[in-house]
Amino acid sequence: MNESLNFIEQIIEEDIASGKHNGEVHTRFPPEPNGFLHIGHTKAICINFETAAKYGGITNLRFDDTNPTTEDTSFVEAIQRDIKWLGFDWEDRLYFASDYFGQLYEFAEKLIENGLAYVDDSTSDEIAEMKGTPNQPGKNSPFRDRSVEENLQLFRAMKNGDFPDGAKVLRAKVDMESPNMLLRDPLIYRIKHAHHHRTGDDWCIYPMYDFAHGQSDSIENITHSLCSLEFIHHRPLYNWFIEKLGIYPSRQIEFARMNVEYMITSKRKLLKLVEKGLVSGWDDARMPTIAGMRRKGYPAAALRTFCDKAGVAKRENLIEIELLESCVRDELNKISDRVHVVIDPLKVIITNYPEGKVEMIEAINNPEDEGSETRMIPFSREIWIEREDFREAPNKKYYRMGPGRNVRLKNGYILHCEDYKKNEETGEIEEIYCTYYENSKSGEDVSGVKAKGTLHFVSAEQAVKCELRLLDYLFTDPTPDGHDDKDFLDFYNEDSIKVVDAYMEPALAKAKEGQYFQFIRNAYFTLDPDSTEDKKIFNRTVALKSSWKK
RNA sequence: UGACCCAUGGUGUAAUGGUAACACUACGGUUUUUGGUACCGUCAUUCAAGGUUCGAGUCCUUGUGGGUCAACCA
């Protein structure tokens, strides 16, 4: 393999070469359990797990659960399910930042003892005021020079619940004049009398991100802490804590997060869609969440390939949705069963086919798969074809059915169109009359008859009604949240889901969740969990490509 | 009136001082019992100006453009 390396791999190979961390690679994926994982997380998950695996390393799953007011166990479960489904395994290394609350508290006391942290009584507004702006240095808090003893006593009182929420915070003593806002005495502990999903009411003070994340990495001996670019300004602080605390030197490396056309990744906005009822939930098949994409029918392998192909770098990017869809089609082409489903039916009567006769024709499920199984498709005198597959007056480019024309039925016979019935008032074609060539059956055609077009069909009598959810992009604009003058909801696509009835071949009555289908000549579909025994519901994953220009 | 990050076809990513390439898209063609798949082909790229060098997409300087940073969120 003469593969080129991305910049993270280059760093890792340099570290391995220099013997840093004994050449070990240990990464982590650190989600906050306050929402569902989305396409952006998918990228982070792939990078963390695949990079470690590439170098024989391992990856931890660690929930960054330091804010009890927004986090919940239900998300913890959904997140684990999604990562597993994606195909990654953290084995027995499931951790929670909350597991380290005791240790983190010790770290805080140590900082205080070394004169590197202090309790601040200022209000939130006052602290913000004293922080300055990117262009103006901050001012020292009047509480900055409290004695170690006083700080220790106050911090312990904070921990003991002696103060109400917001009364005091613990701050690291770094530099109020730093050009880096994060270094202007960042808050590291706040009072929150809130119930935590794991630690219950054990604590009423909780560490902030900057005082939990890096230390958690360090506690777990993470060698390379891979995160997105927006944390780049946190790195000096990340390193500052490691240095002052003298703990394991994990290294933070930032990459540009992946943006995909027509998708948003802001949890706040995703939540808004859910709360406003614009989608049925976090796992709505239109959502850019892993659960949503799974429901829509995107295979895990396709998502992984997509992330690989999108690459890793440090510049802003917007990946075209076509790349994702290309990966999805490529995977689905390999694994999906080809089946017959007619959406907009038009009756065809085969006048020389015996009435009452039903013939079962064997059809291969997936010609792309060598070991594919077969199933039986019923054929009879009356069948449905797609309405758009017939034209009264077809032109040369149109090679489907038309008066006097021959067409091949996929997994069936060649038909000759003799006549059709038209409602003169509405102009609607009501029925087509055809004859069939008895010796033209698929696989044993000795008719010598030529037919340019091939149509799919279902036998009218045996066809089963089902529901199709024709899904489209959730937004009408490729960057719905990229407009200063417009809200992302202004681009909500009212036509993002269309529900229609369809006729499916009877074998589909046995369709199972997680199975992938190609509805021949139309699109890929997968069974929706809303399906019942009596009524199958399918979601359109992605349409087949078409080079036909109407 | 700051700091930090970034800049290669339409999009994304390579090229690690030595012939700018790969994928997706678009367009054209071949094959085809899916107007799918497969296969072949075409178009199209180093932000600008200086400098270093035999040689710069790559190193340096200055611009220009884009992004990020002022939650008791992560």
Side-chain angles (χ1 to χ4, degrees), chain A residues 3-7 10 30-32 34 64-67 69-71 97 120 122-124 127-129 131-138 165-171 178-184 187-192 205-206 208-210 212-213 227 229-236 254 256 258 261 267-268 306 308-327 329-330 333-334 338 340 367-368 397-400 407-412 414 440 442-443 445 451-456 518-524 543-550:
Chain A
E3 232 170 62
S4 59
L5 305 176
N6 65 46
F7 81 98
Q10 287 173 33
E32 183 187 14
N34 67 346
D64 232 332
D65 56 349
T66 56
N67 185 2
T69 52
T70 58
E71 296 154 4
D120 196 328
S122 308
T123 65
S124 176
I127 288 175
E129 176 69 27
K131 216 151 216 182
T133 71
N135 293 323
Q136 292 170 318
D165 288 5
K168 289 178 167 37
V169 291
L170 184 69
R171 290 229 252 171
S178 170
N180 182 342
M181 298 295 290
L182 268 321
L183 260 22
R184 320 242 263 229
L187 276 59
I188 58 179
Y189 261 96
R190 78 285 216 190
I191 301 170
K192 260 183 200 271
I205 56 171
Y206 293 93
M208 300 284 291
Y209 166 83
D210 285 305
H213 191 92
C227 64
L229 234 38
E230 68 222 74
F231 292 99
I232 197 163
H233 303 293
H234 294 250
R235 193 172 67 220
E254 312 85 12
M258 179 178 72
E261 288 180 341
K267 274 195 211 169
R268 211 194 83 246
F306 171 61
D308 289 345
K309 287 194 175 182
V312 183
K314 294 182 80 167
R315 59 174 142 159
E316 288 291 310
N317 61 79
L318 179 64
I319 315 287
E320 291 175 330
I321 192 81
E322 284 83 0
L323 179 63
L324 209 202
E325 295 183 341
S326 162
C327 294
R329 287 195 190 97
D330 189 53
N333 177 53
K334 289 185 280 190
R338 272 63 172 171
H340 292 228
E368 300 290 324
K397 291 271 187 184
Y398 185 89
Y399 46 80
R400 306 177 189 179
V407 287
R408 154 73 62 187
L409 289 179
K410 179 82 182 168
N411 296 313
I414 293 176
S440 68
S442 275
D445 181 3
K452 171 75 173 156
T454 302
L455 312 183
H456 61 284
Q518 183 197 100
F519 290 7
I520 290 176
R521 299 209 304 133
N522 185 353
Y524 290 102
L544 256 34
K545 278 185 26 175
S546 171
S547 60
W548 183 46
K549 293 161 203 74
K550 300 179 188 183

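Chain letters run A, B, ... following the sequence lines, proteins first, then strands; residues in each count from 1. The shown structure was predicted, so the numbers you read here are calculated from the model rather than taken from an experiment. Just so it is clear, the values below take in all heavy atoms, side chains as well, and ignore hydrogens, waters and symmetry mates.
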On the nucleotide [N], are OP1 or OP2 found under 4.0 Å from the side-chain N or O atoms that [X] carries?
{"X": "A:Arg190", "N": "B:rC73", "answer": "yes"}
{"X": "A:Ser124", "N": "B:rC72", "answer": "yes"}
{"X": "A:Lys549", "N": "B:rG28", "answer": "yes"}
{"X": "A:Arg400", "N": "B:rU33", "answer": "no"}

Between the base of [N] and the side chain of [X], is there any donor-acceptor pair under 3.5 Å?
{"X": "A:His456", "N": "B:rU34", "answer": "no"}
{"X": "A:His234", "N": "B:rA74", "answer": "yes"}
{"X": "A:Arg521", "N": "B:rU34", "answer": "no"}
{"X": "A:Gln136", "N": "B:rG2", "answer": "no"}

**Message:** Taking the nucleotide of RNA chain B with the nearest heavy atom to each, does A:Asn34 or A:His233 sit closer to the 5' end?
**Reply:**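 Looking at RNA chain B, the more 5' nearest nucleotide goes with A:His233.
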
**Request:** On RNA chain B, check which nucleotide each of A:Ile191 and A:Leu5 is closest to and give me the residue with the more 5' one.
**Result:**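 Final value for this comparison: A:Leu5.
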
Below 4.5 Å, heavy atoms only, C-beta onward: do [X] and [Y] meet side chain to side chain?
{"X": "A:Ser122", "Y": "A:Lys168", "answer": "no"}
{"X": "A:His233", "Y": "A:Met181", "answer": "no"}
{"X": "A:Thr70", "Y": "A:Lys267", "answer": "no"}
{"X": "A:Leu183", "Y": "A:Pro236", "answer": "yes"}
{"X": "A:Val169", "Y": "A:Tyr189", "answer": "no"}
{"X": "A:Leu324", "Y": "A:Ile319", "answer": "no"}

What is the nucleic acid contact for [X], judged by heavy atoms within less than 4.0 Å: base, sugar-phosphate only, or nothing?
{"X": "A:Leu187", "value": "base"}
{"X": "A:Phe231", "value": "base"}
{"X": "A:Tyr399", "value": "base"}
{"X": "A:Tyr398", "value": "base"}
{"X": "A:Asp64", "value": "sugar-phosphate"}
{"X": "A:Thr133", "value": "base"}
{"X": "A:Ile520", "value": "base"}
{"X": "A:Thr66", "value": "sugar-phosphate"}
{"X": "A:Gly453", "value": "nothing"}
{"X": "A:Asp210", "value": "nothing"}
{"X": "A:Met258", "value": "nothing"}

With rounding to whole Å, what would you report as the distance between [N] and [M] at their [atom1] atoms?
{"N": "B:rC27", "M": "B:rU53", "atom1": "C1'", "answer": "42 Å"}
{"N": "B:rG67", "M": "B:rU52", "atom1": "P", "answer": "35 Å"}
{"N": "B:rA48", "M": "B:rA7", "atom1": "P", "answer": "14 Å"}
{"N": "B:rC6", "M": "B:rC47", "atom1": "C1'", "answer": "12 Å"}
{"N": "B:rU64", "M": "B:rG50", "atom1": "C1'", "answer": "14 Å"}
{"N": "B:rC39", "M": "B:rA44", "atom1": "P", "answer": "24 Å"}
{"N": "B:rG12", "M": "B:rU32", "atom1": "C1'", "answer": "32 Å"}
{"N": "B:rG65", "M": "B:rC24", "atom1": "C1'", "answer": "26 Å"}

Between [X] ([atom1]) and [N] ([atom2]), how many Å, whole number?
{"X": "A:Arg235", "N": "B:rU68", "atom1": "CZ", "atom2": "C1'", "answer": "13 Å"}
{"X": "A:Arg184", "N": "B:rG2", "atom1": "CZ", "atom2": "P", "answer": "13 Å"}
{"X": "A:Asn317", "N": "B:rA23", "atom1": "CG", "atom2": "C1'", "answer": "15 Å"}
{"X": "A:Ile232", "N": "B:rC6", "atom1": "CD1", "atom2": "C1'", "answer": "9 Å"}

Which one, [options], comes nearest to the side chain of [X]?
{"X": "A:Thr454", "options": "B:rU33, B:rA14, B:rA70", "result": "B:rU33"}
{"X": "A:Gln10", "options": "B:rU16, B:rU33, B:rC73", "result": "B:rU16"}
{"X": "A:Glu316", "options": "B:rC69, B:rG67, B:rC5", "result": "B:rG67"}
{"X": "A:Glu230", "options": "B:rU25, B:rA74, B:rG35", "result": "B:rA74"}
{"X": "A:Lys314", "options": "B:rC5, B:rC72, B:rG35", "result": "B:rC5"}
{"X": "A:Val169", "options": "B:rU1, B:rC24, B:rC72", "result": "B:rC72"}
{"X": "A:Glu322", "options": "B:rC72, B:rC24, B:rC6", "result": "B:rC24"}
{"X": "A:Asn67", "options": "B:rC5, B:rU33, B:rA74", "result": "B:rA74"}

**Prompt:** When you check the gap from the basic side-chain N to the acidic O, do A:Asp120 and A:Arg171 get nearer than 4.0 Å?
**Reply:**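 Salt bridge flag = yes for A:Arg171 with A:Asp120.
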
For nucleotides 36-43 of chain B, tabulate all protein N/O to nucleotide N/O atom pairs closer than 3.5 Å, reporting atom names and distance.
residue	atom	partner	partner atom	Å
B:rG36	OP1	A:Ser547	OG	3.0
B:rG36	N2	A:Glu368	OE2	2.9
B:rU37	O2'	A:Asn333	ND2	3.0

Roughly how far apart are [X] [atom1] and [Y] [atom2], rounded to 0.5 Å?
{"X": "A:Arg338", "Y": "A:Lys410", "atom1": "CZ", "atom2": "NZ", "answer": "9.0 Å"}
{"X": "A:Met258", "Y": "A:Glu316", "atom1": "CE", "atom2": "CD", "answer": "13.5 Å"}
{"X": "A:Leu187", "Y": "A:Arg184", "atom1": "CG", "atom2": "CZ", "answer": "14.0 Å"}

**A:Gln10, CD: over 12 other non-hydrogen atoms inside 6.0 angstrom** =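 Count over threshold, so yes.
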
**Asked** Parallel under 30°, tilted from 30 to 60°, perpendicular over 60°: which one fits the rings of A:Trp548 and A:Tyr398?
**Response**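 It falls in the tilted class, 30° to 60°.
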
**Asked** Between A:His340 and A:Phe519, is the gap from one ring center to the other below 6.0 Å?
**Response**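 Centroid distance A:His340-A:Phe519: not below 6.0 Å, so no.
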
**Message:** Taking the six-membered ring of A:Tyr399 as reference, does the cationic atom of A:Lys452 (NZ for Lys, CZ for Arg) lie under 6.0 Å from its centre and within 45° of its axis?
**Reply:**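 Because its charged atom sits under 6.0 Å from the ring centre and within 45° of the axis, A:Lys452 does stack over A:Tyr399.
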
**Fill in**
Note, RNA chain B 5' to 3' with Watson-Crick or G-U pairs under 3.5 Å encoded as ( ), [ ], | and . gives .((((((..((((....[..)))).(((((.......)))))....(((((..]....))))))))))).....

